[in-house]
Amino acid sequence: EDWIVSTVRMGGCFLALALVVSLTACSSTWAPYNENLANRGYPTAQVDLASDYLHGTGVNRDPIAAAHWMYRAAKQGLPEAQNNMGVLYARGVGVEQDFVEAARWYRLAADQGYALAQVNLGLAYDLGLGVPSDGEAAAGWWRKAAAQGDPGAIQNLGHLRETAWSIPGCNSTGIPR
């Protein structure tokens, strides 16, 4: 399934951001091995098995099973899984759509320095999805991800800078005044 790629207009400032989840993992031939290891509590195997269920790779496609296995890995503190849980909640895949819960999972991963979660949490703040709309908080999370070289964060910050001078009401960082 393709994930959201959109241009968003908020407060007169334009941002482009891909809301993505890295759920690609091991080859489909590994699904039985992933399940064995996942049942034994290995969080990376749980992420791999969640990916298998999400995409129907080596198993029948089952978004609820995908969310179950992703949750088990996320509860163990794996930031990739926590970010992915955020995406599942934001998209309503295998779980009821819940932007507050999505932002909570993004923050858990973002606080561990996981760049993709920082980008996604920035988007949540930018759009006010599950958290109050806060352009400065969005830019702050994108700066953290950009410092790690995340291309989505770099792109968002670049768009903020490019448009800031031409849009009335925005300061030099692209944040509405």
Side-chain angles (χ1 to χ4, degrees), residues 1-25 43-44 47 50-51 54 66-67 70-71 73-177:
E1 181 174 338
D2 290 359
W3 296 96
I4 300 171
V5 178
S6 62
T7 301
V8 179
R9 183 175 181 178
M10 293 298 297
C13 298
F14 288 90
L15 306 174
L17 176 66
L19 177 63
V20 272
V21 60
S22 300
L23 288 178
T24 55
T44 54
V47 170
S51 176
L54 186 65
M70 195 62 69
Y71 175 81
K75 286 298 285 182
Q76 292 186 63
L78 189 67
E80 175 187 5
Q82 292 170 333
N83 178 69
N84 290 347
M85 280 304 301
V87 173
L88 293 176
Y89 273 105
R91 302 271 302 162
V93 175
V95 294
E96 194 73 31
Q97 187 175 45
D98 183 338
F99 292 113
V100 172
E101 192 66 9
R104 185 180 78 78
W105 283 109
Y106 292 148
R107 180 171 294 281
L108 289 171
D111 285 343
Q112 293 184 65
Y114 193 69
L116 187 54
Q118 292 169 338
V119 172
N120 288 338
L121 186 57
L123 178 63
Y125 274 108
D126 184 55
L127 300 176
L129 295 175
V131 292
S133 182
D134 184 339
E136 291 200 32
W141 283 110
W142 290 334
R143 279 188 210 98
K144 289 180 182 192
Q148 297 179 62
D150 185 275
I154 293 166
Q155 181 179 10
N156 284 343
L157 290 171
H159 284 293
L160 286 175
R161 283 186 214 99
E162 289 171 11
T163 58
W165 298 109
S166 63
I167 297 175
C170 287
N171 67 23
S172 64
T173 62
I175 298 169
R177 290 180 217 172

Distance from [X] atom [atom1] to [Y] atom [atom2], nearest 0.5 Å?
{"X": "Gln112", "Y": "Asn83", "atom1": "CD", "atom2": "CG", "answer": "11.0 Å"}
{"X": "Glu101", "Y": "Met85", "atom1": "CD", "atom2": "CE", "answer": "7.0 Å"}
{"X": "Asn120", "Y": "Trp142", "atom1": "CG", "atom2": "CH2", "answer": "10.5 Å"}

Just by modelled atom types, is the [Y] backbone N or O under 3.5 Å from a matching donor or acceptor in the [X] side chain?
{"X": "Gln82", "Y": "Trp105", "result": "no"}
{"X": "Gln97", "Y": "Ala90", "result": "yes"}
{"X": "Gln76", "Y": "Ala81", "result": "no"}
{"X": "Trp141", "Y": "Val119", "result": "no"}
{"X": "Gln148", "Y": "Gly113", "result": "yes"}

In the structure I gave you, are the side-chain heavy atoms of [X] and [Y] within less than 4.5 Å of one another anywhere?
{"X": "Leu127", "Y": "Phe99", "result": "no"}
{"X": "Asn84", "Y": "Glu80", "result": "yes"}
{"X": "Asp150", "Y": "Gln118", "result": "no"}

Which atom pair, heavy atoms only, marks the closest approach of [X] to [Y]?
{"X": "Ala73", "Y": "Val47", "result": "CB-CG2, 3.7 Å"}
{"X": "Ala103", "Y": "Val131", "result": "CB-CG1, 3.6 Å"}
{"X": "Arg107", "Y": "Tyr125", "result": "NH2-OH, 2.5 Å"}
{"X": "Leu54", "Y": "Val93", "result": "CD1-CG1, 3.5 Å"}
{"X": "Ala67", "Y": "Val95", "result": "CB-CG1, 3.7 Å"}
{"X": "Leu121", "Y": "Ala110", "result": "CD2-CB, 4.1 Å"}

